[in-house]
Amino acid sequence: MNEQQTNLYRFLIALADDSIVLSHRLSEWCSNAPYLEEDLALSNVALDYLGRARMFYQYAAEVEGKGRTEDDLAYHRNEREYTNLLIHELPINDFAFTMLRQFYLDVFYVKYLQKLSLSQDKMIAAIAQKAIKESRYHLKRSEPWIIQLAQGTEESLNRILVAKEELNDFIGELFDMSEWEKSLAENGISVDRESIKAEWQAYVQGFFAQSDIELDSVELRVHGGREGIHTEHLGHMLSEMQYLQRAYPGNEW
Amino acid sequence: MTQTHDNSTDNLEQKLAEFEQKIADEQKIEPSDWMPEAYRKNLIRQMSQHAHSEVIGMQPEGNWITRSPSLRRKAILLAKVQDEGGHGLYLYSATETLGITRSEMIEALQTRQAKYASIFNYPTLSWADIGAVGWLVDGAAIVNQISLQRTSYGPYSRAMIRICKEESFHQRQGYELMYEMAKGSAEQKQMAQDALNRFWWPSLMMFGPHDTDSAHSAQSMKWKIKRETNDDLRQKFIDQTVPQIEVLGLEMPDPELKWNEERGHYDSGEIDWEEFKQVINGNGPCNHQRLKHHIKAHEDGEWVREAVRAYRAKQKPQADNQVA
């Protein structure tokens, strides 16, 4: 692979990792949600992200050209090789945390995928065009949840505020550009994340205002996901996710 | 529409006669129709048990979602468990047409007044178990549900028609998973055999006791809530499944499974009815775990439901003001 291809490969793997890790977290709600309807809905969102991960991994494998498959990429890389942004891997905590993270990410992806769907890379543009429809729908679902929890009881508001505080450390990384991503953005293949930050902030702030909540300043705080420096949580997730592939290498499932 | 509330004996007898005539004419009973109290109760018991089974069944299958060995399998399993939850939701709604609420049904489940399919009190211990559940458990469920498409209660019948389509799909996916394992490495084949051995008998138990020992069968057959007997349905399942085991190249889970030319059916060994009784009465391997899981999820979610109620209550006066 030349430098451009290497950057493209890293980019695709990064987006796939973001999706698979969040999908895994959302799927943990299945049979544990506060309503049966939410078991179904959260599984549905998990399926959407799983679908994205598969498309990005498959394309990454093609770009790499070594005959690896989506499963090789998902199941045979370790924690240091996973490059998802950290916000995706945080444990589900409670329903308030899960929905607030989802709201933040839904707002982010609606804006990010909008730009990514204009990518010079036809395949990336096509994936983004499919994914943005899902994210728009996800946002329609996460917004009423944030309103209901923020304006429900004292307890539900408090849980939202606790979640907001924890997530605050991890938002900045969404808008951080690595060198290789900048190079791709200059070529019209990826998106300048920094350019979305102000829009994201304004949207979230405006939405929070309805419930008298304030958004803290968005700055780069905890980071390292794109370099494979994770929270302690990812290793446990991967040891669970990859167990069968690791225990019985070379088998077809 | 006017309804008389004359409960004189004559009137009741006439209504009962009309009801039974409808059943005899293969007409569906609809929620607004008069029905005997025992018919209503019997249906609530059976339909809510069916709904609970779908919901509790999410646990043993959900047990492998985060450990699915490929992305494709993970997508299939996640979608399947989601389907089961959807069936639960659909069936709860259908049961509500009989004048009971979902929260009353959930309370009956959590206080052990209502049952769910005993099969889900067995653990899923290996990945092959996910194949076995789809193939055998959904397979057995379909045999029963195809028969129930002709049940006399309209909403239940329509639910079954819809649910059967998805269940058939699940069964094929489960079988395909088993096939991949049975034709795979020695370790995979062993997992497949072990899963078949463990799930075979509990799957046969899903059809319930022998007809002669079934508490609800006679009345349910008379009212056409049930259309075929437990033993007939069980035989159908055995007959369709044995050739599928042969295709997998696995050993028969019951050495007495033999084709009986004269009967035109497979003969099989006797079910361990003591085990059946134990599991039904709450002493199976996972009975406690399943209910505890359900209760914990319900209790953990209480603050969310409370927040929703509080939010709605606050919205209501505003909405009233807007109207005014």
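Just so it is clear, the model here is predicted, and its values are computed rather than measured. Lettering of chains follows the sequences in order, A, B, ..., and the numbering in each one begins at 1.
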Choice from B:R102, B:Q59, B:E84 maximising heavy atom contacts with chain A below 4.5 Å: B:R102
Pick from B:G301, B:A307, B:P69 with the largest number of heavy-atom pairs that fall under 4.5 Å of chain A: B:P69
Ring-face cation contact, A:Y57 with A:R52, 6.0 Å cut, 45° max: no
Among B:V304, B:V55, B:T66, B:L78, residue most engaged with chain A (heavy-atom pairs, under 4.5 Å): B:T66
Basic-acidic side-chain contact under 4.0 Å: A:K164, A:D216: yes
B:Q82 portion near chain A, given a 4.5 angstrom heavy-atom threshold: both
Pairs of heavy atoms under 4.5 Å with chain B: top-ranked of A:E37, A:M237, A:Q245, A:R246: A:E37
A:A33, part contacting chain B, at a heavy-atom distance under 4.5 Å: backbone
Lys/Arg-Asp/Glu bridge criterion (N-O < 4.0 Å) met for B:D194, B:K189: no
Interchain contact, B:H293 with chain A, by part (heavy-atom threshold 4.5 Å): side chain
Which of A:E28, A:E240, A:E38 touches chain B most, by non-hydrogen pairs under 4.5 Å: A:E240
Ring centroid separation A:H138 to A:Y49 under 6.0 Å: yes
B:E167 with B:R172: basic N within carboxylate O range, under 4.0 Å: no
Most chain B-contacting option - heavy-atom pairs closer than 4.5 Å, from A:Y243, A:F95, A:Y75: A:Y75
Member of B:T124, B:L177, B:I119 meeting the side-chain contact (heavy atoms from CB on, under 4.5 Å) criterion with B:V133: B:T124
Which of A:L244, A:T153, A:L40, A:N44 touches chain B most, by non-hydrogen pairs under 4.5 Å: A:L40
Among B:S70, B:G62, B:G85, residue most engaged with chain A (heavy-atom pairs, under 4.5 Å): B:S70
Toward chain B, the part of A:D39 with a non-hydrogen atom under 4.5 Å: side chain
Which atoms of B:E306 approach chain A - backbone, side chain, both or neither, heavy atom under 4.5 Å: both
Pi-cation contact, A:Y82 with A:R77 (under 6.0 Å, within 45°): yes
Electrostatic pair B:K296-B:E299, nearest N-O below 4.0 angstrom: no
Residue that, paired with B:W135, satisfies side-chain hydrogen bond (donor to acceptor under 3.5 Å, both in side chains) out of B:Q173, B:Q171, B:Q244, B:E176: B:Q244
Which atoms of B:R67 approach chain A - backbone, side chain, both or neither, heavy atom under 4.5 Å: both
Polar side chain donor-acceptor pair, B:Q49 to B:H52, under 3.5 angstrom: no
Side chain / backbone / both / neither for B:L89 at chain A, heavy atoms under 4.5 Å: both
Max heavy-atom pair count under 4.5 Å with chain B, selected residue of A:L157, A:L50, A:D94: A:L50
Which atoms of B:K183 approach chain A - backbone, side chain, both or neither, heavy atom under 4.5 Å: neither
